[in-house]
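For reference, the structure is listed below as structure tokens.
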Protein chains: 2
Amino acid sequence: MGRTSDAREKILTAAHSLIELRGYSALGVAEICKAAGVPKGSFYYFFESKEALALAVLDEHWEAQRSDWARVLEEDAQPLSRLRRLFEETEAGLRAGQQSCGTVSGCIFGNLTLELSNQTEPIRERLQQIFDTQVEMVDKVIAEARERGEVAVGDTREAARSVVAQLEGQVLFAKLYNNTQHLEALWDNCLSLLSARRTDTAAVSS
Amino acid sequence: MGRTSDAREKILTAAHSLIELRGYSALGVAEICKAAGVPKGSFYYFFESKEALALAVLDEHWEAQRSDWARVLEEDAQPLSRLRRLFEETEAGLRAGQQSCGTVSGCIFGNLTLELSNQTEPIRERLQQIFDTQVEMVDKVIAEARERGEVAVGDTREAARSVVAQLEGQVLFAKLYNNTQHLEALWDNCLSLLSARRTDTAAVSS
């Protein structure tokens with residue numbers, strides 16, 4: 001049993017790296033197994049298809065990212081400073097990835113949304129659930145900030161969606177220009193999108 | 001000659017549709033030629049590789065989109081209402097695409113940025129040029145609005161990049177949820193990102 005779960009994990013890890021570097025369609029099962037050092041025959045013991053593998057990669061990555069987001073967004077600090085920390089950690093994560101593989105590979109959820117969401121319903125649904133949860137998590141923080149009078153937004157859900165959209169858009173630029181500095185604009189843009197009281201937030205950010 | 005240029009155009013049109021629907025990596029030259037109704041042998045008469053074809057598709061699409069953007073952004077109207085018109089036309093274009101093929105296929109430039117920009121330098125460079133020009137065109141309008149005291153931004157180039165990033169992020173959501181209503185937030189978000197004087201822009205928008 002130890003050995004089989006090891007093989008599954010190896011396939012997941014290899015698939016995650018390969019999907020980040022080259023997308024989904026460009027990959028074949030044989031290549032993934034070769035990178036994982038696992039015989040091709042064992043692939044279908046763990047996954048019924050390449051699509052099932054992609055869903056498992058999304059789940060595993062989201063489980064880790066969700067717990068990172070929860071750690072940051074639910075910590076005991078002012079709401080806006082938690083949001084700021086989320087952007088800082090996202091930037092740091094992309095920078096670390098760039099240093100290790102030479103290129104900004106972006107957000108695997110955004111990548112697969114643009115590559116695949118109009119082609120496979122199971123992947124579209126999973127990605128919708130993931131982004132719904134991201135928006136919900138940001139929404140909660142914005143609602144807290146609004147209760148404290150720090151932001152002036154009508155619909156906090158809509159505002160949260162705009163903040164996540166801005167994040168995805170700037171990550172797209174970071175990938176395009178292979179430059180994580182584009183993400184530095186996120187905090188300021190977030191304050192603008194939330195009509196935040198700059199005096200308060202200047203204090204938060206110092 | 002009439003016949004050969006017709007074949008080139010057919011390949012470009014078929015490739016554009018297929019890339020929008022299924023991305024780049026999933027496609028083969030044979031499939032593109034079949035969809036174009038052109039013998040596979042003639043493909044390499046016009047394009048030295050699939051990558052060369054993708055670059056030609058990007059160029060052709062950008063030529064058309066650039067002229068649309070110029071028409072809207074350089075017309076004789078108040079700068080902010082021109083920007084608003086750009087979002088409205090983008091939304092209308094995506095809605096028309098959704099009606100004709102059943103699904104929002106998004107922005108081909110954004111799609112290929114996330115699918116390919118970290119893999120092929122020629123495509124990365126071309127996409128950088130395209131987004132640079134988009135940002136430049138938006139920048140000019142923001143600078144005009146700033147001169148009129150309608151927006152309060154420090155760095156107009158940075159602000160333009162954030163507006164385009166927001167556009168790409170919301171188009172990503174429109175594709176993910178197969179719903180162009182997400183784009184309705186663009187105008188309000190643009191005003192926020194530009195710290196626009198809402199009283200002026202309310203007048204513009206009415």
Side-chain angles (χ1 to χ4, degrees), chain A residues 20-27 98 101-119 124 127-128 130-132 135 153-155 158-159 161-178 182 184-186 188-189 191-195 198, chain B residues 20-27 98 101-119 124 127-128 130-132 135 153-155 158-159 161-178 182 184-186 188-189 191-195 198:
Chain A
E20 267 196 344
L21 281 176
R22 297 181 34 222
Y24 172 84
S25 305
L27 300 179
Q98 184 191 30
C101 76
T103 181
V104 175
S105 45
C107 160
I108 195 169
F109 306 131
N111 294 349
L112 292 188
T113 293
L114 292 197
E115 189 191 343
L116 286 183
S117 67
N118 58 339
Q119 293 177 67
R124 190 202 285 272
L127 287 165
Q128 284 180 356
I130 291 168
F131 277 110
D132 283 348
V135 168
V153 291
D155 182 336
E158 197 55 62
R161 195 180 296 283
S162 297
V163 166
V164 177
Q166 177 70 213
L167 178 61
E168 286 299 319
Q170 295 284 8
V171 168
L172 181 148
F173 280 139
K175 181 167 181 168
L176 176 62
Y177 296 93
N178 196 21
H182 289 286
E184 287 170 11
L186 280 171
D188 210 44
N189 290 340
L191 294 181
S192 299
L193 288 167
L194 301 179
S195 304
R198 301 265 167 173
Chain B
E20 266 195 344
L21 281 175
R22 299 182 32 222
Y24 172 86
S25 305
L27 301 178
Q98 184 191 29
C101 76
T103 180
V104 174
S105 45
C107 160
I108 197 172
F109 306 131
N111 293 349
L112 291 188
T113 293
L114 292 197
E115 188 191 344
L116 286 183
S117 68
N118 59 337
Q119 292 178 67
R124 189 202 285 274
L127 287 165
Q128 284 180 355
I130 291 168
F131 278 110
D132 282 349
V135 168
V153 290
D155 182 335
E158 197 55 61
R161 193 180 297 284
S162 298
V163 167
V164 176
Q166 177 70 212
L167 177 61
E168 287 299 318
Q170 295 284 8
V171 168
L172 181 148
F173 280 138
K175 179 167 182 167
L176 176 61
Y177 296 93
N178 196 23
H182 290 286
E184 287 170 11
L186 280 172
D188 210 46
N189 290 341
L191 295 180
S192 298
L193 288 168
L194 301 179
S195 304
R198 300 264 167 172

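Keep in mind that this is a model prediction, so the values were computed, not measured. In the text below, chain A, chain B and the rest are named by the order of the sequence lines, each starting its count at 1.
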Contact part of [X] toward chain A, heavy-atom cut-off under 4.5 Å: side chain, backbone, both or neither?
{"X": "E158(B)", "value": "side chain"}
{"X": "Q119(B)", "value": "side chain"}
{"X": "T103(B)", "value": "side chain"}
{"X": "E20(B)", "value": "backbone"}
{"X": "V171(B)", "value": "neither"}

Return the [atom1] to [atom2] distance between [X] and [Y], rounded to the nearest 0.5 Å.
{"X": "L176(A)", "Y": "L116(B)", "atom1": "CG", "atom2": "CG", "result": "11.5 Å"}
{"X": "Y177(B)", "Y": "R161(A)", "atom1": "OH", "atom2": "CZ", "result": "5.0 Å"}
{"X": "N118(A)", "Y": "L21(B)", "atom1": "CG", "atom2": "CG", "result": "6.5 Å"}
{"X": "L193(B)", "Y": "Q166(A)", "atom1": "CG", "atom2": "CD", "result": "5.5 Å"}
{"X": "L191(B)", "Y": "S192(A)", "atom1": "CG", "atom2": "OG", "result": "11.5 Å"}

Notebook entry, point to check: Of all of D132(A), L112(A), L27(A), L127(A), which one pairs up most often with chain B through heavy atoms under 4.5 Å apart?
Noted result: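 Option with the top pair count is D132(A).
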
Next item on the list: Work out which heavy atom in E168(B) is nearest to a heavy atom in L172(A); give both atom names and the distance.
Entry: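 E168(B) and L172(A) have their closest heavy atoms at OE1-CD1, 4.1 Å.
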
Notebook entry, point to check: Closest heavy-atom contact between K175(A) and L114(B)?
Noted result: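 Heavy atoms only, the tightest pair is NZ-O, 2.6 Å.
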
Notebook entry, point to check: Under 3.5 Å, is there a donor-acceptor pair between the side chain of R22(B) and the main chain of E115(A)?
Noted result: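 Checking the backbone N and O of E115(A) against the side chain of R22(B), no donor-acceptor pair under 3.5 Å is found.
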
Checklist line | Most chain A-contacting option - heavy-atom pairs closer than 4.5 Å, from S195(B), S162(B), S117(B), G23(B) | finding: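 Option with the top pair count is S162(B).
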
Next item on the list: Determine whether F173(B) and V164(A) make a side-chain contact, defined as any pair of heavy atoms from C-beta on separated by less than 4.5 Å.
Entry: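 Yes - at least one pair of side-chain heavy atoms lies under 4.5 Å apart.
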
